[in-house]
Amino acid sequence: MNHDDMKVFAQTLYGEARGESDLGIAACAHVILNRVNHPGWWSEPDHDIRSVCLKAWQFSCWLPNDPNRAKLHLVGPTDK
């Protein structure tokens, strides 16, 4: 996983599952990874983690009007 993928993966997990248990966060991570590994669900040429997470309307935390979107950019490499 490259740095960009790792950052977007962490941001997406934070945005979508930060209030969940470890199991809930793991479930969200599995959704992302399943979409990367089984790209038949979409017609985009890229199937990397970043592309899956940022695809329009897939994860609400990335929607332009989501009130929590600004918080995503606060996630850093030392955050749990």
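In this text, all values refer to a predicted model and were calculated from it rather than measured experimentally.
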remark   = Grouping ILVMFWY residues whenever side-chain heavy atoms fall under 4.5 Å, the cluster of L74 otherwise contains none
query = For L23, what are the other residues in its hydrophobic cluster, where any two members join if their side-chain heavy atoms are less than 4.5 angstrom apart?
reply = none
Is there side-chain contact between [X] and [Y], with at least one heavy-atom pair below 4.5 Å?
X	Y	result
I25	S21	no
F59	I32	yes
V8	I49	no

task = Kindly write out the residues that satisfy side-chain hydrogen bond (donor to acceptor under 3.5 Å, both in side chains) with D66, not counting sequence neighbours, or none if the list is empty.
result = none
key: Partners passing side-chain hydrogen bond (donor to acceptor under 3.5 Å, both in side chains) against R69 (at least two apart in sequence or in another chain)   = none
message = Can you confirm whether H73 is buried at NE2, in the sense that more than 12 heavy atoms of other residues, nucleotides or ligands lie under 6.0 Å from that atom?
response = yes
request  = Please report the closest heavy-atom contact between A17 and C28, naming both atoms and the distance.
outcome  = CB-CB, 4.1 Å
note = d(Q58 CD, R35 CZ) to nearest 0.5 Å is 4.5 Å
Atom pair CG/CD of L13 and E20 - distance to nearest 0.5 Å = 11.5 Å
message = Taking side-chain contact (heavy atoms from CB on, under 4.5 Å) as the definition, give me every residue that meets it alongside N2, ordered by chain and number, with sequence neighbours left out.
response = D4, D5
Pairs involving residues 8-19, ordered by first then second residue, that meet side chain to side chain donor-acceptor pair (under 3.5 Å) (sequence neighbours left out) = T12-W62, E16-S60, R18-N68
